Each structure stands twice: as C-alpha cells, then as structure tokens.
Amino acid sequence: MHISYDVIVVGGGHAGCEASLVSARMGMQTALLSMNLDTIAQMSCNPAIGGLAKGQLVREIDALGGEMGKVIDETAIQFRLLNASKGHAVRSPRAQADKKLYQFTMKKRLEEQDNLSLRQDSVEKIVIEDRDVLYLIGKSGTKYRSKAVIITTGTFLNGLIHIGSSQVRGGRSSEPSSDKLSACLLDLGFEIARLKTGTSPRLNSRKINYDILRAQEGDKHPTPFSFSTDNIQRPQINCYITHTNRSTHEIIKSNLDRSPLYTGQIEATGPRYCPSIEDKITRFPDKEQHQIFIEPEGLDTTEVYCNGISTSAPFDVQEAMVHSIKGLEKTNITRYGYAIEYDYVPPTQIKPTLESKKVENLFLAGQINGTSGYEEAAAQGLMAGINAVLKIQNREPFLLDRSEAYIGVLIDDLVTKGTREPYRMFTSRAEYRLVLRHDNADRRLMKYGYQYGLINKDQMDKLREKEEIISETNKYIEHKKYGADSLIKLLRRPDMNFSDLLGLDKELRDRNISFSAQEQVEIEAKYKGYISRQNQQIEKFKKMENLSLPTQFNYDSIPGLRKEAQQKLDLLRPVSLGQASRISGVSPADISILMVYLLSKGKNDTQSVSMQAR
C-alpha cells in the first residue's frame with residue numbers, strides 16, 4: 001500500500017507532537033507515525049514540565065504557537081515559580097503534571113487537528129528515490145511518500161534497557177526499540193553514537209509516611225505557561241522532600257559491583273547534570289545525604305515518582321535502598337528504575353534549520369540530536385516543523401539567534417558545538433538571559449508565530465494592546481511626581497514594587513493595568529541600566545551574525561587561516577561569521593583573517609544565508 005503526505009513525523013513524543021501540530025496548522029497534509037498511539041506524549045521520566053531554563057523554553061514554544069504550555073496549564077497539579085526570590089533573569093516556571101491527563105489531552109489535540117493523521121506503524125527504512133521526495137517503509141509493509149520527513153525517535157533507536165545484569169531491548173519500559181531505522185541512518189552516511197539516560201523507581205503513595213516528611217506546596221498565585229491562559233483554577237496538591245542517608249549510601253556502595261554503570265555493561269555517556277544515585281555517591285563521597293522529591297503522578301493514581309534516585313541497580317538493591325530512606329520504610333516499589341542506552345545522531349550533522357546535511361528534506365528533532373528533556377525536545381520539534389513546511393514552500397528558513405530566544409541558544413549549541421553527553425538547557429548557557437526572560441517571551445517571539453499563522457489575530461491584538469499599555473504607563477510614571485521624585489524613580493528603589501505605586505497614585509490605579517503589563521514596567525525600570533548594556537552587547541553580536549558565509553566556500557583558499565580552523569569550518573559549514581566564532585578550534589585570529597578576506601573579496605552577500613530570515 002502507498003500513502004502520500006506533505007510532511008511525515010516519525011515518533012509521538014514531545015518533539016513529534018509539536019512538529020506534527022505546527023506542520024498541519026501551516027496547511028500541510030501531515031502524518032504522525034508512532035509505534036504505539038497509546039503512548040503519545042508520554043512522560044517517560046518525571047511527571048513535570050518546566051524548571052530552570054526549561055520554563056523559558058516552554059513559554060517560547062507557546063509564544064510561537066506551540067501546544068506544550070497550553071496542555072500543562074490544563075493538566076498540572078502543582079505550579080511553582082523557581083528562583084522567585086532571585087533576579088528575574090533566572091526565574092523559571094515549573095509544574096507537576098497529572099501524567100496521564102497530560103498525555104491524553106495532548107493526544108486529543110492531535111486527533112482533533114485538521115490536516116493531521118495519526119498512524120500506528122514502525123518505520124524501518126528511509127528510501128531516497130527523488131531529490132524532492134522521501135519514502136518511508138513501515139513494519140506494516142506500507143510505503144509512505146513525503147516531501148519532508150522529521151525524525152523524532154527519542155530513546156527508541158537501538159534502545160537497550162539495563163537493570164542490574166539484566167538487559168532487555170526496548171525504547172522504554174515494556175516497549176520495543178527501533179533497530180532497523182538506526183541501521184538505515186548508518187547506511188545513509190550518518191555518524192551514529194550512543195548516549196545513556198535513566199529513570200527512578202515509582203512508589204505506592206499509600207504506604208509512605210508523609211507525617212515525617214517536609215511538604216512542598218505550590219504557589220498561591222500560579223504562573224501560567226501559556227500567554228492565552230488568564231489564570232489557573234486547578235486544584236494543587238503537595239510534593240514532599242526526603243533524603244538519602246548513610247545507610248542508603250552503604251547499600252549502594254556495597255553493591256556497585258552489581259551495577260551496570262560500574263561493571264562496564266553500560267558504555268555510553270550519561271547526563272552530567274542529572275546523574276544516577278550510584279554516580280552521586282561515588283562522585284561526592286563526603287556528602288552525607290542527597291535530596292529526593294516525592295512527586296505525585298496524578299490525581300487519580302497512588303503512584304509517585306521518586307525524583308533524585310535514578311538507578312539501574314538490581315531489583316533487590318533498589319528495594320533495600322528505597323526502604324532505607326526516611327518515610328519510605330514501608331512503601332512498596334510499583335515500577336523499578338532502569339537505565340537505557342540508545343543511538344543518537346551527533347548534531348553537527350544538522351543545519352540550524354534542523355534539516356540534515358546528509359539527506360535533503362530529512363529533519364531531526366529531540367533526543368536523536370543528543371538532548372535530554374521534554375522541553376528541549378518540544379522546542380526542536382516546533383522549529384523542525386516550521387522549517388520543513390518553509391522548505392516545501394521554497395520560503396526563507398526560520399532561524400532564531402542566541403540573542404532572541406533560549407531556543408536559539410539550544411539549536412546553536414547543538415549545531416555549532418555538538419554534544420557527546422545528553423544536552424540540557426541551563427540559564428547559564430544563555431549569555432543574554434536578562435533579556436530572554438520567561439515573562440517577556442510573548443513580546444520577543446509572538447510576532448513570528450503570527451507571521452506563520454500559528455498565533456491568531458485575537459492573540460496578536462492582545463499583545464499590541466499590552467505593548468501600548470506598557471508604553472503609556474512608562475510615560476506616565478516618568479513624568480508623574482510624588483513628592484520630590486517621579487514615580488519611576490521610586491519604582492527603582494529596591495524596596496518598592498509596582499503595587500506600591502498603585503497605593504500612592506489614584507490615577508495609576510484607575511488605569512486597571514494588567515499584572516503582566518505591571519511586571520514588564522517594573523522589570524524594565526529596575527534593570528534599565530543592565531538591560532541597556534546587554535542590548536549594546538547584542539548589537540555587537542548581531543553585526544557578526546549578519547556577516548553571512550556562503551554555504552559552498554573554499555576555506556583552504558584563505559591565506560593565513562590555520563589548518564585546524566580550515567578543517568573545522570569545512571566540516572561544520574557555519575552560516576555566519578558569528579557562528580564560525582563559536583566553533584571549538586577556531587580562534588579569534590582565525591575569525592579576523594576570515595572577516596578581512598570576506599570584506600576584501602566582497603563575499604558578504606546577506607541574501608545568501610540570512611540569520612534573520614523570517
């Protein structure tokens with residue numbers, strides 16, 4: 001059987017959901033192929049969305065017209081703004097999800113989306129028969145014809161699950177892996193490497209002694225993820241905190257010879273910033289305890305996720321370890337933790353559009369590019385979906401640079417630096433984080449979502465109205481006096497906030513300014529000098545980004561360019577001088593030589609590859 005679509009998305013994880021939705025919403029006949037339609041948008045690890053830097057990603061996804069923020073707002077069971085006592089640049093929203101409700105709600109979005117078909121099949125082969133057409137061969141024998149394909153396979157490529165000495169082929173617990181597709185990518189000329197990740201045990205909540213644990217409550221006034229959510233009305237429940245102890249550590253240390261991480265059974269590199277409990281006690285031998293979060297998996301289940309003790313230890317060791325922890329002495333494990341090794345494609349093999357360099361019209365998004373996390377995957381899926389459609393329509397690609405979005409930082413890091421360990425987003429990775437806050441993602445990015453038809457006119461009109469209110473409020477508080485000072489000078493004081501101004505000035509109160517507009521006015525007033533300085537840095541950055549490099553460029557012909565730089569530039573093919581400057585092994589002297597050569601030869605054709613193409 002032969003079936004044709006404009007765009008085919010392979011994989012129904014968080015990247016696949018966003019990619020298929022955006023493709024269909026941009027008018028393409030789209031298919032999402034999943035090995036199991038019942039596990040679309042499943043949270044394989046902890047049941048939460050957002051977190052440090054990840055919350056910024058979700059708000060950016062929402063501002064561009066993605067779905068993750070809307071779904072978590074509707075299905076979360078606890079909301080918290082992390083780093084609320086710190087500066088605005090590092091604050092991030094996070095929410096515990098009702099795991100199954102999130103999954104089913106996202107699936108329903110997909111099922112109800114016009115132009116989108118869901119099909120249960122496993123892709124085993126990619127066939128290139130025409131420059132503009134790709135064919136996929138499914139396990140069912142079906143041949144799928146498409147103008148663009150987006151691969152979002154998560155941990156399923158050659159997935160191998162480890163629990164103690166036991167090894168089971170699988171992409172997730174109780175689900176088969178995708179082995180033939182990985183072999184196909186090798187045949188197409190891709191470099192394939194291995195990574196490792198893991199998950200923690202799930203426990204029976206009814207047998208946990210919560211009376212002796214510290215409760216972690218949600219925020220009284222939750223911060224929504226979606227700019228279309230006015231307020232959160234859902235009931236919130238507590239998470240709880242406990243810790244490992246010396247006894248826990250002794251149990252683990254005395255059984256390291258049975259852990260696949262230390263027997264040589266697992267060879268792939270795991271996540272540096274989310275290590276297993278075996279890694280924690282080995283790397284930090286002097287630390288007497290490690291924090292554990294007891295996270296409910298939903299309102300209609302007694303299962304909880306034990307965040308902080310990711311493990312691949314044998315069953316009996318996991319039992320002893322869990323029962324040694326305060327409050328968990330009498331609980332029972334409902335699902336054991338495990339480690340999983342899987343294939344990925346080192347991301348220097350993809351372009352900033354997420355299209356592969358090896359095969360035209362083949363895009364890669366999510367963990368296949370070496371990332372870790374639902375949010376990083378969803379961001380890539382959204383960008384791959386947009387760019388796949390633009391490629392089909394022969395339109396300029398959509399690229400976000402490092403000064404515009406965390407999404408820009410994420411993709412630039414991947415394609416420029418690559419990764420040999422699971423990549424996780426942090427605020428520290430974003431050099432312009434003061435202007436890339438979660439609270440202003442709509443002001444930064446919604447215009448692009450509107451441009452591509454992913455944000456409707458009502459949403460855009462609300463943003464324009466908000467911008468007008470911010471502008472008018474700024475003018476008013478700059479000129480309105482209260483005593484000897486203007487209101488804006490008062491607002492810049494450390495002990496003052498916008499609500500204090502409302503108490504001082506009746507006319508300001510009568511304006512009924514929304515909280516989101518108040519927040520923007522206050523932040524810009526308090527951080528004016530810092531923001532101005534960062535904007536100057538961004539202007540310098542933009543000059544480098546606007547010096548574009550031809551895609552076909554002979555770096556060997558440039559006099560004075562070091563051999564290492566020639567090789568790295570030839571391999572990675574940067575699209576701008578700015579991107580070239582961030583390549584490991586390319587020095588500032590190399591960049592100076594390259595810049596002089598480009599300008600002297602008149603090579604800077606800004607139309608060839610525009611970093612600001614929209």
Side-chain angles (χ1 to χ4, degrees), residues 43-48 51 77-78 80 82 94 96-97 99 161-166 173 197-218 237-262 266 270-298 301-340:
M43 294 179 168
S44 305
C45 201
N46 61 317
I77 54 180
Q78 191 196 81
R80 293 185 66 232
L82 305 185
R94 184 184 190 272
Q96 289 297 131
K99 179 177 173 178
I161 293 171
H162 300 265
I163 303 178
S165 61
S166 171
S173 180
T197 189
T199 188
S200 298
R202 276 71 165 178
L203 312 177
N204 182 351
S205 177
R206 293 178 60 217
K207 296 185 178 181
I208 294 175
N209 185 0
Y210 287 111
D211 292 338
I212 61 174
L213 301 185
R214 178 158 62 93
Q216 185 182 60
E217 299 178 348
I237 61 177
N238 291 344
C239 295
Y240 290 84
I241 296 174
T242 185
H243 297 84
T244 60
N245 52 57
R246 289 183 179 179
S247 176
T248 313
H249 297 184
E250 283 303 316
I251 291 167
I252 296 167
K253 283 191 285 188
S254 63
N255 286 281
L256 284 178
D257 59 339
R258 301 173 63 201
S259 170
L261 284 172
Y262 291 90
I266 293 177
R272 180 186 310 188
Y273 302 104
C274 188
S276 68
I277 189 61
E278 294 97 314
D279 275 340
K280 288 179 184 177
I281 67 162
T282 304
R283 287 162 53 185
F284 308 104
D286 297 331
K287 195 164 184 178
E288 294 186 355
Q289 61 179 24
H290 293 280
Q291 190 166 250
I292 301 169
F293 294 92
I294 307 299
E295 301 176 341
E297 295 222 328
T301 179
T302 61
E303 270 193 304
V304 297
Y305 185 82
C306 215
N307 191 347
I309 54 169
S310 174
T311 182
S312 58
F315 296 144
D316 61 309
V317 178
Q318 292 193 40
E319 292 280 358
M321 173 183 70
V322 166
H323 294 143
S324 72
I325 296 168
K326 178 181 176 181
L328 310 183
E329 294 88 349
K330 296 182 179 180
T331 191
N332 62 282
I333 296 176
T334 56
R335 307 179 202 221
Y336 291 101
Y338 62 87
I340 181 169

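Keep in mind it's a predicted model, so treat the numbers as computed, not measured.
Distance check, rounded to the nearest 0.5 Å: CD1 of Ile266 to OG of Ser276 gives 8.5 Å. Distance CD/Gln318 to CZ/Arg335: 14.0 Å, rounded to 0.5 Å. Here the CD1 atom belonging to Ile340 is positioned 8.5 Å from the OG1 atom belonging to Thr197, to the nearest 0.5 angstrom. Going from atom CD1 of Ile277 over to atom OG1 of Thr248 covers 8.0 Å, rounded to the nearest 0.5 Å. One distance of note links CD1 of Ile281 with CG of Asp286; it measures 12.5 Å at 0.5 Å rounding.
Applying the side chain to side chain contact (heavy atoms under 4.5 Å, CB included) criterion to Ser247, with sequence neighbours excluded, gives Asn245, Ile251, Ser324. Contacts of Thr242 classified as side chain to side chain donor-acceptor pair (under 3.5 Å), with partners at least two apart in sequence or in another chain: none. In this view, Ser165 and Gln265 satisfy the side chain to side chain contact (heavy atoms under 4.5 Å, CB included) rule, not counting sequence neighbours. With sequence neighbours excluded, no residue satisfies salt bridge (Lys or Arg N to Asp or Glu O under 4.0 Å) with Arg80. Partners of Glu250 under the salt bridge (Lys or Arg N to Asp or Glu O under 4.0 Å) rule, at least two apart in sequence or in another chain, are Lys253. Applying the side chain to side chain donor-acceptor pair (under 3.5 Å) criterion to Tyr240, with sequence neighbours excluded, gives no partner residue. Residues satisfying the ring-ring contact (aromatic ring centres under 6.0 Å, His included) test with His162, not counting sequence neighbours, are none. Under the side chain to side chain donor-acceptor pair (under 3.5 Å) criterion, Glu329 pairs with no residue, sequence neighbours left out. Under the side chain to side chain donor-acceptor pair (under 3.5 Å) criterion, Asn255 pairs with Arg258, sequence neighbours left out. Contacts of Arg246 classified as salt bridge (Lys or Arg N to Asp or Glu O under 4.0 Å), with partners at least two apart in sequence or in another chain: Glu288.
The two residues Cys45 and Arg202 have their closest heavy-atom pair at O-NH2, 3.3 Å. Residues Leu328 and His323 come closest through the heavy atom pair O-CD2, 3.5 Å. The two residues Ala97 and Met43 come nearest to each other via the heavy atoms CB-CE, 3.6 Å. Heavy-atom minimum distance, Pro275 versus Arg283: CB-NH1, 3.5 Å. Listed here is the closest heavy atom pair of Tyr262 and Leu256: CB-O, 3.5 Å. Contact record, Leu203 with Thr334: N-OG1, 3.7 Å, taken as the closest heavy-atom pair.
Crowding of Arg206 atom CZ: a count of heavy atoms from other residues, nucleotides or ligands under 6.0 Å not exceeding 12.
Ion pair Lys99/Glu303 not flagged as a salt bridge, since none of the NZ, NE, NH1 or NH2 atoms sits closer than 4.0 Å to an Asp/Glu carboxylate oxygen.
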Which donor-acceptor pairs under 3.5 Å do side chains of residues 305-315 form with protein atoms, sequence neighbours excluded?
from, atom 1, to, atom 2, distance (Å)
Tyr305, OH, Thr199, OG1, 3.4
Tyr305, OH, Ser200, N, 3.3
Asn307, ND2, Glu295, OE2, 3.0
Ser310, OG, Thr199, N, 3.4
Thr311, OG1, Glu278, OE1, 3.3
Thr311, OG1, Glu278, OE2, 3.0
Thr311, OG1, Ala313, N, 3.0

Can you give me every donor-acceptor pair (side chain of residues 207-218, partner residue at least two apart or in another chain, under 3.5 Å) with its distance?
from, atom 1, to, atom 2, distance (Å)
Asn209, OD1, Asp211, N, 3.3
Tyr210, OH, Ser205, OG, 2.8

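A 4.5 Å side-chain heavy-atom check between Cys239 and Gln78 finds at least one atom pair inside the cut-off.
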